[in-house]
Amino acid sequence: MKEYTPISEFKNHVGEEVTVAGWCYSKRSSKKLYFINVRDGSGICQVVAFLPALGEEIGKICESLDQETSIIVKGKVKKDDRQIGGYELEMTYIEVVGESKDYPITPKEHGVAYLMEHRHLWLRSKRQHAIMRVRHNIVKAIRDFFNNRGFINVDAPILTANAAEGTSNLFETDYFDDKAYLSQSGQLYMEAAAMAHGKVYCFGPTFRAEKSKTRRHLTEFWMVEPEVAYMSLDEDMELAEQFVEYVVQTVVANCEEELKVLERDVEKLKAVKAPFPRVSYDEAVEILKVKKQEYAASDDEEKRKMSEDILKNGPGDDLGAADETVIGSMHDRPVMIHRYPAAVKAFYMREDPKQPGRALAFDMIAPEGYGEIVGASEREADISVLERKIVEHNLSLEAFKWYLDLRKFGSVPHSGFGLGVERTVSWLCGLTHVRETIAFPRMMDKIWP
RNA sequence: UCCUGGAUAGCUCAGUCGGUAGAGCAGAUGGCUGUUAACCAUCGGGCCGGGGGUUCGAGUCCCUCUCCAGGAGCCA
């Protein structure tokens with residue numbers, strides 16, 4: 001590596017001459033003085049060039065700089081509290097590495113469609129830079145949490161032969177003379193791995209061909225899925241709340257600068273401490289019935305409109321987005337809604353022996369309207385029940401032959417959950433749409449760049 | 001797939017009653033030793049998304065197609 005000094009390390013080089021390799025972020029000038037904001041990936045710093053001391057040649061170079069021209073600059077680091085990073089570079093030398101004419105993204109406002117078309121360049125912008133760093137910290141915290149608790153990372157395949165939950169939202173691809181599908185969950189494979197290692201997790205991309213056009217959906221998204229042998233649903237809830245608390249508090253501790261750039265209200269994140277409230281599906285429905293009346297009678301037109309969407313699916317059916325928002329907004333931390341009607345949930349979820357018709361499953365709803373971030377359940381361990389449910393869900397017993405083996409050879413109670421990384425990033429960054437949480441989002445109508 | 005709203009300068013938008021178009025930013029040129037989305041002056045820049053219709057006349061009204069945004073369902 002060459003001896004370039006990262007801008008983020010300026011605090012250790014005050015008074016020294018350093019070399020910075022980066023890009024021109026913006027430029028202001030008067031006749032004899034240039035102020036060049038340089039970004040190098042680690043940070044942004046103002047470089048000051050006093051032309052009478054530097055000569056005509058350097059003046060010409062400064063004059064020629066456009067937004068995103070790549071440059072190598074030498075200069076002396078000065079502490080300057082007026083600057084955003086707290087430091088300033090007094091230029092002694094500058095060299096252009098690559099020019100940049102008519103850079104499409106100006107410091108002024110742009111529309112969403114335009115920015116998405118230029119996603120490969122948009123990543124350089126301050127907000128996007130901050131989001132990617134928060135995401136990096138979230139991913140690191142996720143791995144650290146499980147690695148530090150004796151979980152083994154066993155990744156699931158991306159190309160699969162059959163579907164976990166029906167074939168309607170699967171991406172299909174040719175697999176030699178056969179068909180294969182892109183994975184929509186690693187869970188079934190993690191159940192196999194948990195029987196080998198006890199505590200496991202997978203972490204990778206998953207794919208859903210849902211024609212969803214909302215702020216919470218991507219067709220390709222990352223999910224972490226822990227699975228633990230001999231773990232009950234209640235223990236699963238404890239694991240999930242400790243996990244989410246750890247991820248959130250790690251980000252609060254490590255991403256102060258980034259959250260400031262994103263203007264995130266950090267106090268709201270600091271409140272995310274276990275235990276999280278637990279609400280049963282039946283309790284949720286009772287709460288929602290009251291809220292529906294309350295909203296319908298409200299002076300606020302928005303609430304009256306929302307009232308129509310509350311319990312729109314009818315009692316006994318799954319909760320909708322409006323229901324989640326209402327329950328979620330009642331607390332300052334995530335809420336776990338558990339024991340949904342078994343009929344609306346996946347075949348592999350165990351029914352509650354104490355409450356027939358209810359599944360041992362929970363969803364974790366993030367506060368501030370960010371919706372479901374975790375889906376979880378205790379898995380059915382009894383082979384005969386599982387076989388019956390596979391048939392009831394119109395799935396092929398043949399396709400699940402290997403999965404049923406797990407119940408044939410030393411079946412044990414086990415549970416796990418899946419956390420959506422993009423929704424978590426969106427929540428922690430306070431974004432309005434998950435499309436900004438991943439470098440190159442894949443959506444229903446967008447697969448470029 | 002359904003519902004709603006859009007498409008006008010490179011970008012973000014305004015455009016009155018139907019009478020062939022305007023701002024800010026960006027770009028170019030000039031000015032300024034401390035600027036932070038710098039400022040001041042000047043200049044260039046338009047198939048008003050495509051097609052059809054109504055009209056003497058359409059950016060504006062109607063139909064249609066395409067694309068975009070927001071929402072629903074489904075989900076993480």
Side-chain angles (χ1 to χ4, degrees), chain A residues 25-37 44-54 63 66-67 78 80-85 88 90 101-118 125-126 164-166 168-169 184-187 205-225 240 244 302 305-306 308-309 312-313 317-325 340 344-346 363-366 370-376 417-427 432-435 437-438 443-446:
Chain A
Y25 195 74
S26 61
K27 177 180 86 172
R28 293 170 294 279
S29 70
S30 59
K31 191 174 185 180
K32 294 176 182 167
L33 203 53
Y34 273 88
F35 300 98
I36 302 156
N37 281 333
I44 297 178
C45 168
Q46 175 164 280
V47 176
V48 184
F50 183 52
L51 296 189
L54 291 169
E63 176 62 38
D66 294 297
Q67 198 187 347
K78 280 177 63 181
D80 187 328
D81 292 331
R82 288 172 296 185
Q83 302 311 322
I84 289 170
E88 185 175 82
E90 214 172 64
K101 293 283 171 224
D102 301 317
Y103 185 70
I105 301 177
T106 67
K108 294 283 176 176
E109 60 204 311
H110 296 285
V112 173
Y114 184 83
L115 289 169
M116 288 302 299
E117 284 294 307
H118 297 87
S125 301
K126 221 183 263 182
E165 301 167 33
S168 60
N169 47 26
Q184 56 179 185
S185 162
Q187 184 203 310
T206 45
F207 307 86
R208 300 205 183 161
E210 288 162 347
K211 293 196 169 178
S212 311
K213 268 186 63 173
T214 81
R215 68 179 74 184
R216 301 188 306 280
H217 285 88
L218 297 172
T219 52
E220 177 180 317
F221 65 97
W222 283 65
M223 188 153 67
V224 57
E225 293 174 281
V244 170
E302 225 166 273
K305 229 175 168 181
M306 196 153 179
E308 292 171 26
D309 287 335
K312 159 162 105 170
N313 296 340
D317 212 333
D318 211 350
L319 300 178
D323 303 321
E324 288 181 354
T325 304
Y340 282 81
V344 303
K345 289 292 184 183
D363 286 349
M364 188 189 288
I365 312 299
Y370 280 94
E372 186 180 341
I373 52 169
V374 167
F417 64 81
L419 171 116
V421 171
E422 286 72 21
R423 288 187 184 175
T424 306
V425 177
S426 183
W427 167 38
T432 54
H433 201 297
V434 288
R435 66 184 153 222
T437 64
I438 186 165
M443 294 180 290
M444 191 178 142
D445 289 316
K446 189 156 298 283

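So you know, we letter chains A, B, ... as the sequences are listed, proteins then strands, and number each from 1. It should be emphasised that the depicted structure is a prediction, and the values quoted were computed from it without experimental measurement.
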Inset, instruction - Give a yes/no answer on whether the side chain of A/Arg28 brings an N or O atom under 4.0 Å of OP1 or OP2 in B/rU35. - result: no
Inset, instruction - Hey, can you tell me if A/Tyr114 and A/His110 have their rings parallel, tilted or perpendicular (30° and 60° cut-offs)? - result: parallel
Inset, instruction - Kindly write out the residues that satisfy salt bridge (charged side-chain N to carboxylate O under 4.0 Å, His left out) with A/Asp323, not counting sequence neighbours, or none if the list is empty. - result: none
Legend entry - Exercise: do A/Thr219 and A/Glu210 side chains pair donor with acceptor under 3.5 Å: no
Inset, instruction - Extract the stems that RNA chain B is part of, considering only consecutive pairing runs of at least three Watson-Crick or G-U wobble pairs, both distances under 3.5 Å. - result: B:1-7 with B:66-72, B:10-13 with B:22-25, B:27-31 with B:39-43, B:49-53 with B:61-65
Legend entry - Below 4.0 Å: OP1/OP2 of B/rU1 and any side-chain N or O of A/Lys211: yes
Inset, instruction - To the nearest Å, give me how far apart OH (A/Tyr25) and P (B/rA37) are. - result: 10 Å
Inset, instruction - Name the nucleic acid region contacted by A/Asp318, choosing base, sugar-phosphate or nothing; use a 4.0 angstrom heavy-atom cut-off, strictly under. - result: sugar-phosphate
Legend entry - A/Phe221-B/rA76 aromatic stacking (under 5.5 Å, under 30°): yes
Inset, instruction - Determine the contact category for A/Val421: base if any of its heavy atoms lies under 4.0 Å from a base atom, sugar-phosphate if only primed atoms, P, OP1 or OP2 are that close, otherwise nothing. - result: nothing
Inset, instruction - Kindly say if A/Arg216 contacts the phosphate of B/rG73, meaning a side-chain N or O under 4.0 Å from OP1 or OP2. - result: no
Inset, instruction - With heavy atoms under 4.0 Å as the rule, sort A/Leu218 into base, sugar-phosphate or nothing. - result: base
Inset, instruction - May I ask you to verify whether the side chain of A/Gln67 and the base of B/rG27 hold a donor-acceptor pair under 3.5 Å? - result: no
Inset, instruction - Would you kindly give the CG-to-P distance between A/Asn37 and B/rA37, to the nearest whole Å? - result: 9 Å
Inset, instruction - Between B/rU33, B/rU35, B/rA72, spot the one nearest the side chain of A/Glu88, thanks. - result: B/rU35
Inset, instruction - Go through the structure and list residues passing side chain to side chain contact (heavy atoms under 4.5 Å, CB included) with A/Met444, not counting sequence neighbours. - result: A/Lys211, A/Lys213
